[in-house]
Amino acid sequence: MIDEAYALAERGSADEAVRLLERSGQDGEAAAWLELGAWFLSGQIIRRDLSRARECFRLAGDGGDAQGATLYRNFLGIGVGGDRDWPGAVALLRRAAGTDRDAAAQLALLEAMALDPEGDPSTTFAPRELSAAPHVASFEGFLTAAECDYLVNLALPIMQPSVVVDPRSGAMRPDPVRTSHAAMLAWADENPLVHALNRRIAAASGTAVTAGEPLQLLRYTPGQEYRPHFDALPNVTNQRVLTMLVYLNEDYEGGATSFPKSGLSYRGKTGDALLFRNALGDGRPDPASLHAGAPVTRGTKYLASRWIHQREFMPMR
Ligand SMILES: O=C(O)CCC(=O)C(=O)O
Ligand SMILES: [Fe+2]
């Protein structure tokens with residue numbers, strides 16, 4: 001039936017393909033709702049419609065599809081395709097935790113956090129200033145060791161060679177400047193635990209959580225590095241003004257984050273975070289923000305990286 005829907009869409013009958021998936025969904029085929037939700041989310045076969053995607057994932061989950069249930073819960077926790085309902089997302093997580101090990105792991109970590117009813121940290125963060133130009137600050141013990149382990153285990157099965165933004169075309173492509181592997185936690189992978197960590201990053205950096213690009217989890221094995229580069233992009237109107245890095249482990253050698261213009265070099269312990277400013281007041285890249293991840297010489301370095309823009313990065317409706 002899903003093959004049939006694809007065949008219809010390829011022949012130009014996308015509306016008919018949608019109706020076919022809807023009919024199978026109504027007949028109890030939960031996988032049809034999941035498929036249709038994916039179509040509405042990607043926008044490749046039919047026009048992107050995030051609220052319809054969210055509704056399809058809800059129907060898939062209600063029909064017993066575990067992936068649909070996960071996607072609906074993630075969208076509810078973030079606020080994609082409709083109102084954000086944090087208590088609702090946590091309640092769904094609690095209901096799933098009996099049979100779903102990942103849901104149980106998320107719930108245990110969330111319950112150990114001091115969060116307000118919206119999922120924002122109820123504590124404040126004290127940065128330690130490391131350098132004024134470029135502006136760099138650290139937050140020691142920003143994530144717990146258990147939170148770091150959770151992120152590493154989440155990333156391992158979905159790691160891909162890292163990409164960079166091509167400054168001419170704007171497209172993402174692999175480049176020898178960045179030889180690590182990375183997992184990008186887009187909305188579908190931004191589960192309530194990841195979302196709570198993104199809100200912690202937003203609170204500590206004094207930014208809106210919607211201004212962040214998807215959290216990236218990076219893995220560097222010996223010889224891999226991120227050569228000197230700027231996170232800020234030339235000629236954009238919604239600049240990547242800040243970067244937050246969180247060091248997820250410490251049992252490796254080499255791999256320090258360094259700022260060649262100021263001579264600052266930082267190697268966080270497990271759970272430490274580094275926040276730096278990439279742009280000048282007017283949004284132009286700050287030349288002093290040049291930085292690098294030095295080659296790892298032994299062991300494996302795991303890092304979480306979040307690029308933060310001036311305004312909302314991607315509309316959620
Ligand atoms: O690996 C590092 O220490 C630097 C990572 C980095 O520069 C980035 O993710 O933008
Ligand atoms: Fe960077």
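Both counts, for ligands and for their atoms, begin at 1 and track the order of listing.
Note that Arg73 lies outside the cation-pi zone of Phe57, set by a 6.0 Å cut-off to the ring centre and a 45° limit from the axis.
In this structure, ligand 1 sits under 4.0 Å from heavy atoms belonging to Leu218, Tyr220, Tyr226, His229, Asp231, Leu245, Thr257, His291, Gly293, Lys301, Leu303, Ser305, Trp307.
Shown here is Arg48, whose CZ atom has more than 12 heavy atoms of other residues, nucleotides or ligands within 6.0 Å.
In this structure, Glu111 pairs ionically with Arg94, as a charged nitrogen and a carboxylate oxygen lie closer than 4.0 Å.
Residues passing the side-chain contact (heavy atoms from CB on, under 4.5 Å) test with Thr207, sequence neighbours excluded: Ala202, Ser205, Leu242, Ile308.
Residue pairs that meet the salt bridge (Lys or Arg N to Asp or Glu O under 4.0 Å) test with at least one member in residues 174-200, sequence neighbours left out, are Asp120-Arg199, Glu147-Arg200, Arg173-Asp175. Listed by first and then second residue, the salt bridge (Lys or Arg N to Asp or Glu O under 4.0 Å) pairs involving residues 22-31 are Glu22-Arg52 (not counting sequence neighbours).
For His229 atom NE2 and His291 atom NE2, the angle they make at the Fe ion (ligand 2) is roughly 90°, to 10 degrees.
Remark: aromatic rings of Phe40 and Trp33 are distant, center separation not under 6.0 Å.
For Asp231, the N, O or S atom closest to the Fe ion (ligand 2) goes by the atom name OD1.
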